[in-house]
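A, B, ... follow the sequence lines: proteins, then strands. Residue 1 opens every chain.
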Amino acid sequence: MRSTADSYRARAEASRGRARLAPIFVTVLVLLVAGASCRRRDGGGSDGRRVIIQNKGSDTLLSVAQAWAEAYGVVNASVAVAVTGGGSGTGISSLLNGTVDIANSSRTISEKEREEAVKRGVEPKELVVGFDALAVFVHPANPLKVVSLGQLAGIYGEGGTIVRWSQLGAQVPGCPSDEIILVSRQNNSGTYTYFAEAVLKKNDFKLGSRDMHGSKDVVDLVAHTPCAVGYSGLAYNVPEVAMLCVSKEDGGPCVPPTLENARNQSYPIARPLFMYTNGEPKAETKAYLDWIMGDAGQCVIYEKGYAPATQVTCK
Amino acid sequence: MSRDEERVDARDVAWYVDKVASTLIFVGGISAVVFIVGIFAFVTREGLAFVVGRFDFVEFFTSIAWRPTSLLRPTFGALGLIAGTAAVTGLAMLVSIPVSMGVAIYIAEFARGRTREVLKVLVELLAAVPSVVWGFIGLMIMNPLIIDVFDVPLGLGVLNSGLILGLMAAPIMTTLAEDALKAVPDSYREAGEAMGATRWQVITRVVLPAAKRGLVAAALLGVGRGFGETMAVLMASGHAIHLPTSVFDSVRALTATIAAELGEAPVGSDHYRALFTLGIFLFVITFFINLTADVLVRRVKKE
């Protein structure tokens, strides 16, 4: 009996000993958390004078926006530009939500988005920062060199009758089935919307296209697939694919997708690229946008394979 | 001594620790229910406005025209997506059920010692491959392989994603099936052998029937895995809306559609709500798969 009681007491003692440790644990934990948050606050403090510009939107503009942000870090170290992609729609909706300073977009803001902006008291201000030409890519083995907008609509558009390469007069080596494999984009990308507007004249796409989730994926798939045709930004051109010369009318003169042709708008599927701000840009944001529109910024977009918005001479 | 006993009975630290522990365990226990109800409530809340408003039952289930962002007239036909998911999951099951049952029978009934341990570890290692890596394999290795072997223009489709998905579902099915086989008491096998049955007869007539409900559960869990897998299917299926007529056709899965489009769908738009409706549909289907598994298991249990 006695021994049982002793062991009880011993156990109670032991657990109390453990219990005495508990507050210490808690204290340590609290200190750790406090320390961590303090450090974070300190970090914020030392960055206090460093202004962060939030920049979000179009995946087409993503690589350029990142290059701008990086180059601007050298020009003005007190400003950091945080760039994220996600698509033109995401960028504009973030601007309407007030979570970003600059929204990148590869299309103009839609009527719906304008209405939403008015509702939220946001005043989207548009700035053309450069031009993008949508190139039509085929496999390099494909003998086809020229395509018209009408033919493209027949290839991609709902109700279009062009489903075989031979209908375009091309015998594609490595493509015995003669079938045209359509490579497209997911239905809410800016590139998809622009193609629907500029080429399909707002008609629907044919169902059954392979809808890739990025501009680069389109080019990659076309490079590996002799039967395929795809569209993507000019900047995504690689030696493993060929770009078609595009004519406005069947049999008409075609315009090759080049920077020059994109800027002078002679290329039929070239579009301006936009940056949107809420109202007139102010202070740091204004300085950043001015720099982008200046020679240095425009040469960055040129180096990325897009056409600059202004006439500049880059080395 | 009586003082000692009083101290033992007192609400000391151990008593509180006990209370806290049991509360924590209770919360952990019901959290599964809370989460599942919460998820269902959230998905339904986001999708319901579409289901009661814009939703066209006939269009959703009979049209393949999934054009949520059409500039002419948005349509929300999910038949192509449902067919895509069904085709890919079906092929995956055709691949993975025989393979994983075979492997499970070998590991549980034939393999001994070192071989057994090595095999088990390898199977479990297969389960550790992230799904995006499987997708990558589908895109970079299987795609050119299928093009070469079958002489088709594109290797991204039902065959590619079905094989990938089958391989992904196989490890979990193998492990579960092996557990089910191991749970059959050795006395059953001994009794069978005592009656002069060969090893094959023991397995097919004694062990497999005895382990039936575990095996069914394993297979159904694999189906659930196939239904819900997103990344690998997105990458290997070709992501094209299409009613598949051959295994080489590209298809698009329900999950892949949500993954690809939700990020850019404006919050609150018809498109956004339609994607959540797909989510509700997926949720309901998975629920019924699990319910069927449960009913089957119970019925087998009763027999």
For chain B, the option from [options] that forms the most heavy-atom pairs under 4.5 Å:
options	result
A/E158, A/M212, A/E113, A/K112	A/E158
A/G89, A/C227, A/S209	A/S209
A/L182, A/D217, A/L207, A/I92	A/L207
A/D204, A/T225, A/T90	A/D204
A/H213, A/K202, A/E179, A/Q186	A/K202

Open item on the list: Is it the case that atom CD in A/Q171 sees more than 12 heavy atoms from other parts of the structure closer than 6.0 Å?
Closed with: no
Open item on the list: Is it the case that over 12 heavy atoms from other parts of the model lie below 6.0 angstrom from the NZ atom of B/K19?
Closed with: no
Structural part of [X] lying under 4.5 Å from a heavy atom of chain B:
X	answer
A/S184	neither
A/L221	side chain
A/D220	neither
A/Y192	side chain
A/I181	side chain

Open item on the list: To the nearest 0.5 Å, what is the distance between CD1 on B/I241 and CZ on A/F205?
Closed with: 12.0 Å
- [ ] Walk me through it: do B/H271 and A/N187 pass the test side-chain contact (heavy atoms from CB on, under 4.5 Å)?
- [x] CA-CA 10 Å; B/H271 186 195; A/N187 57 30; 3.5 Å; yes
Task: salt bridge (charged side-chain N to carboxylate O under 4.0 Å, His left out) contacts touching residues 68-80 of chain B (sequence neighbours left out) - done: B/E59-B/R73
Task: Among the listed options B/M235, B/H239, B/H242, the residue most often paired with chain A at heavy-atom distances under 4.5 Å - done: B/H239
TODO: Go through the steps for B/L156 and A/R210 under the test side-chain contact (heavy atoms from CB on, under 4.5 Å), then give the verdict.
DONE: CA-CA 9 Å; B/L156 300 174; A/R210 275 71 178 173; 5.7 Å; no
TODO: Just do the side-chain contact (heavy atoms from CB on, under 4.5 Å) check on A/N203 and B/L72 with the steps written out, would you?
DONE: CA-CA 6 Å; A/N203 185 12; B/L72 293 176; 3.7 Å; yes
